[in-house]
Visitor: 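Just passing along the structure, written as structure tokens.
One-based numbering, in listed order, for ligands and for the atoms of each.
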Amino acid sequence: MNSVYNAVKITDKVYWVGAVDWNLRDFHGYTTRKGSTYNAYLIVADKITLIDTVKAPFKEEMMQRIASVIDPQKIAYIVSNHSEMDHSGCLSETMDAVKPEKVFASAIGAKTLREHFSFNQEITPVKDGEQLSLGDMTLQFMETRMLHWPDSMFSYLMEEELLFSQDAFGMHLASAKRFDDEIDPAVLHFEAGYYYANILLPYSALIAKLIGKVAASGLTFKIIAPDHGPIWRTDKKSIIDWYAKWAAQKPTAKAVVTYGTMWKSTEKMAGAICEGLSAGGASYVLLNMEASYRSDIIYELLEAGALIVGSATLNNNMLPKVADVMTYVKGLKPQNLIGAAFGSYGWSGEAIRQIQDTLTEMKVELVGEAIRAKNVPTPDILAQCRDLGKTIAARLKG
Ligand code: FEO
């Protein structure tokens with residue numbers, strides 16, 4: 001085999017042996033404009049241990065990186081922190097190739113892995129708080145249910161104070177760089193937030209609890225090694241502080257105004273609402289859904305206080321792109337928002353009611369009446385839009 005890929009040393013005993021996916025552009029609905037990485041890690045302890053694997057098409061890349069450090073046949077243990085396919089897609093094949101003594105996962109992880117794949121070897125379940133001796137080193141497991149699946153867990157390498165955090169603290173960012181201190185902090189903040197909004201937002205209450213649990217455990221971290229994106233070896237505090245802030249979902253004086261338009265009537269209304277927001281002292285972002293990714297809209301809601309949605313009516317429905325975005329955003333369960341619906345129509349106008357219903361299902365507190373324009377917004381309708389913007393600004397600032 002001609003070897004192309006090498007491991008990256010993290011500490012004297014731990015190596016990154018993952019893969020970089022430069023071409024990924026969609027991760028179950030999340031637009032991954034910068035690709036991703038699937039991080040796997042090799043602990044060169046007495047019992048050589050592989051933490052997670054990679055997406056199936058990248059198995060060879062991972063195996064080459066492992067082989068640049070040790071003979072893969074020397075791997076004694078594999079730990080699967082998360083069953084999703086981007087981390088376990090080649091687990092079965094890796095087990096067949098390596099024939100480890102044991103493979104570990106959380107109790108739910110062991111079950112989930114068996115439901116997804118077939119294995120020629122048992123998966124050993126581990127409990128929350130359980131420790132695993134690697135001879136000269138020790139792993140401690142911590143269940144992190146729903147971060148990002150029910151099976152998820154962290155593994156903490158005690159001697160190195162190194163947390164393998166699977167999806168948590170990660171980002172979809174393909175890069176030639178492996179460490180946080182090699183990447184612009186503004187890029188880290190944006191990409192970590194984009195990832196949080198598109199993957200972890202629904203589990204914010206659990207994340208807030210987890211941060212408390214980890215703080216109470218007294219564990220200290222020299223390194224946080226997630227399953228996507230850079231390894232946090234320098235600035236661990238920022239990513240934990242960002243998570244605490246995002247998990248709180250405290251509303252800000254910013255509105256997200258987003259719409260779908262047919263012949264610009266709904267777009268004019270959106271513009272007037274933004275003028276009102278601005279006059280009232282609130283900040284806003286204006287996103288035409290046809291010119292935006294659904295992932296952008298949920299990202300903008302991560303630090304916002306209002307969601308104002310408009311659509312023209314097409315064939316008795318909201319526009320298809322509006323339905324797409326509303327389905328996606330509703331599923332990610334943003335909290336503590338106020339909002340409103342608006343739109344234009346030719347003869348029926350159902351879209352506005354449908355948006356209101358969706359906002360209500362999302363527990364968005366509706367402010368004022370929905371604004372409807374027949375065909376083209378009149379000066380009076382545009383004045384109503386400006387007033388709505390001002391009213392929402394006052395609420396956000398209050
Ligand atoms: Fe990176 Fe939930 O998988």
Side-chain angles (χ1 to χ4, degrees), residues 16-41 50-59 61-62 78-94 103-117 123 141-155 163-175 178 180 188 191-207 210 224-232 239 243 246-247 295 298-299 328 331-333:
W16 175 84
V17 291
V20 183
D21 185 350
W22 293 94
N23 299 317
L24 183 75
R25 289 295 176 269
D26 184 278
F27 189 91
H28 52 49
Y30 165 176
T31 301
T32 49
R33 281 172 284 195
K34 299 280 180 63
S36 193
T37 69
Y38 313 113
N39 297 339
Y41 299 97
L50 178 64
I51 304 284
D52 286 322
T53 61
V54 295
K55 201 172 177 180
F58 295 86
K59 173 181 164 259
E61 182 173 339
M62 177 189 75
I78 300 178
V79 173
S80 171
N81 277 330
H82 181 20
S83 305
E84 195 165 8
M85 291 68 199
D86 46 334
H87 312 296
S88 64
C90 70
L91 176 60
S92 180
E93 284 180 53
T94 304
V103 178
F104 302 93
S106 70
I108 298 174
K111 185 167 175 288
T112 307
L113 286 168
R114 281 194 300 271
E115 287 167 355
H116 279 289
F117 307 103
I123 311 275
F141 303 111
M142 183 187 296
E143 283 185 357
T144 59
R145 288 189 191 184
M146 298 315 299
L147 305 178
H148 154 237
W149 276 9
D151 58 86
S152 296
M153 68 175 187
F154 288 172
S155 297
L163 182 72
F164 299 105
S165 63
Q166 41 94 24
D167 279 349
F169 310 123
M171 62 188 74
H172 285 313
L173 176 65
S175 170
R178 297 277 72 79
D180 63 319
L188 295 177
E191 295 295 348
Y194 208 86
Y195 183 92
Y196 187 99
N198 280 279
I199 299 281
L200 297 175
L201 190 62
Y203 315 116
S204 289
L206 292 171
I207 289 170
L210 177 68
I224 298 175
D227 272 1
H228 299 289
I231 297 153
W232 303 88
I239 184 69
Y243 267 50
W246 295 328
S295 307
I298 194 67
Y299 169 73
Y328 188 73
L332 288 163
K333 300 184 176 63

Visitor: Using a distance-only test with no angle check, is there a side-chain donor-acceptor pair under 3.5 angstrom linking D52 and H82?
Guide: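 Result is no, nothing qualifies.
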
Visitor: Can you confirm whether S165 sits close enough to W232 that some side-chain heavy atom of one is under 4.5 Å from a side-chain heavy atom of the other?
Guide: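 With C-beta onward as the side chain, the pair stays apart.
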
Visitor: Side-chain contact, heavy-atom cut-off 4.5 Å: H228 with F169?
Guide: no

Visitor: In total, how many protein N/O/S atoms does one find closer than 2.8 Å to atom 2 (Fe) of ligand 1?
Guide: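 If we list every protein N, O or S atom nearer than 2.8 Å to atom 2 (Fe) of ligand 1, we get 4.
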
Visitor: Taking ring pair (Phe, Tyr, Trp, His ring centres under 6.0 Å) as the test, write out the residues that go with F27, two or more places apart.
Guide: H172

Visitor: Is there a side-chain contact between V79 and M153, using heavy atoms and a 4.5 Å cut-off?
Guide: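 Yes, close enough: below the 4.5 Å cut-off.
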
Visitor: With N81, which of S155, S88, S106 fulfils side chain to side chain donor-acceptor pair (under 3.5 Å)?
Guide: S155

